[in-house]
2 protein chains.
Amino acid sequence: MELTAGTAPTRRRDQILVEAARLFARHGFHGTSIDGIGAAAGVSGPAIYRHFPSKEGLLAEMLVGISEYLLDGARTIVAAHPDPGGRLTALVDFQVEFALTRPELITVQDRDLASLPDDSRRRVRALQRAYVEIWEDAIIRTGPPRDADQVRTAAHAAFGLINSTPRSAAHTSPEVAGAVLASMALAAVGA
Amino acid sequence: MELTAGTAPTRRRDQILVEAARLFARHGFHGTSIDGIGAAAGVSGPAIYRHFPSKEGLLAEMLVGISEYLLDGARTIVAAHPDPGGRLTALVDFQVEFALTRPELITVQDRDLASLPDDSRRRVRALQRAYVEIWEDAIIRTGPPRDADQVRTAAHAAFGLINSTPRSAAHTSPEVAGAVLASMALAAVGA
DNA sequence: CCGTCGTGTGAACGCTCGCTAACGTCTCGT
DNA sequence: ACGAGACGTTAGCGAGCGTTCACACGACGG
């Protein structure tokens, strides 16, 4: 699962995806125009339709790609870390790394999900649910016993904490921010 | 600072604000039409312009109102709690209460800030900055010494954690969610 | 009783947007 | 050498949007 793939013939395509993510994060899906995306990617307007079937299709590919990347990463971590403590730490580090590296994708994912067509939205939700379940399982195996609602709330709270990056890390070094977020997240889910 | 005021002559106005918040939270500012807001509020389309100067003006009043409400609440807490521990706990409880009570406002505030006209956006940002500074000050006075960047990141992370409510608390009782979020937030900022 | 004001209406204007159409050009495999 | 296909362009369409306009109607102070 390569999120930044780039063999020669797909360079323009990837560029469009990157610029679209930046613009969606800044202005929202409905606040971004096809012409704007094209201009940012160095082509003009309708050239986008040579690479994507529609504006919604572009968003769909972006969000499905993110969800698959995250779920894949989480599954790899589960396989590599049988011990609960190490697994949870690795999950936290993985999410922190992603949030610090691609903050625009974090923003778009939880802001413009509702703009997806029904089938893509269901697909993304299913992937997200699987991802959350891995977290919930890791949280249950660590720390004090809690009921399902508490664990669910804790998992989402941890995501919210880590994903606060786009609002705060603009002027902070990634190393400092990453260390702070990781230790805060672990302290929070251990409470 | 009354967020849900409602003397007789302003009832329609408040209803419009409430419905607009719901729709903005669901579809985003640019994804919501004036006609849609009117329909949700029981009037049709252009009647909105009897109460607000423009769609942007409506959003501005909403976001400025939220920021003022929060800052006012935080200042009251500061005055009432000179001791660092009690103050931080009260700030956390206040934010948790707000996030659980009005999740749509949380969503709109950090999603559609960029859609504000320049002057309102500056005003909201100034109010938010003052609010964050109160949190930073309370965090500094509690727990281990940290530098400015760490405290800034910690404050935003705490907001992200608490404000995760709109994504998780839909099917959980407010009491359970509130308790979990408050204890997680305190554990996180103490890390 | 009446003029004014607050609040509503439907019609229309002007603009922007997503998308399609028609056409040009460069790259290649045969 | 040349036809095909990938990729780009500009022009234009139809729809939806925010906003304004002209008008209607009930409440109410003089």
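Chain naming here is simple, since letters A, B, ... match the order of the sequence lines and numbering starts at 1 in each. Everything numeric here is computed off the predicted structure, so don't read it as measured data.
As rounded to whole Å, 14 Å separates atom C1' of D:dC7 from atom CZ of A:R13. Atoms CD (A:E56) and P (C:dC17) sit 17 Å apart, rounded to a whole Å. Rounded to an integer number of Å, the gap from CZ of B:F52 to P of D:dT20 is 16 Å. Atom CZ in A:R11 sits roughly 15 Å away from atom C1' in D:dG8 (whole-Å rounding).
Between the CZ atom in B:R123 and the CG atom in B:L116 there is a gap of 12.0 Å [rounded to 0.5 Å].
Here A:D118 pairs with A:R121 in a salt bridge; the nearest charged N to carboxylate O distance falls below 4.0 Å. A salt bridge does not link B:R122 to B:D119: none of the charged nitrogens lies less than 4.0 Å from a carboxylate oxygen.
Using a 4.0 Å cut-off on heavy atoms, the residues of residues 17-37 of chain A that approach DNA chain C are A:T32, A:S33, A:I34, listed by number. Contact check of residues 40-50 of chain B against DNA chain D (heavy atom, cut-off under 4.0 Å) returns B:P46, B:Y49, B:R50.
In the set C:dC19, C:dG8, D:dG18, D:dG18 carries the atom at the smallest distance from any side-chain atom of B:K55.
Counting only distance, with no hydrogens or angles, the side chain of B:R12 and the backbone of B:T10 share no donor-acceptor pair below 3.5 Å. Judged purely by atom type and a 3.5 angstrom limit, A:D83 uses its side chain to pair as donor or acceptor with the backbone of A:G86.
Ring-centre distance between A:Y131 and A:Y69: not below the 6.0 Å cut-off.
Partners of A:F24 under the ring pair (Phe, Tyr, Trp, His ring centres under 6.0 Å) rule, at least two apart in sequence or in another chain, are A:F29.
Within the 4.5 Å cutoff, no side-chain heavy atoms of A:K55 are placed close to those of A:I48.
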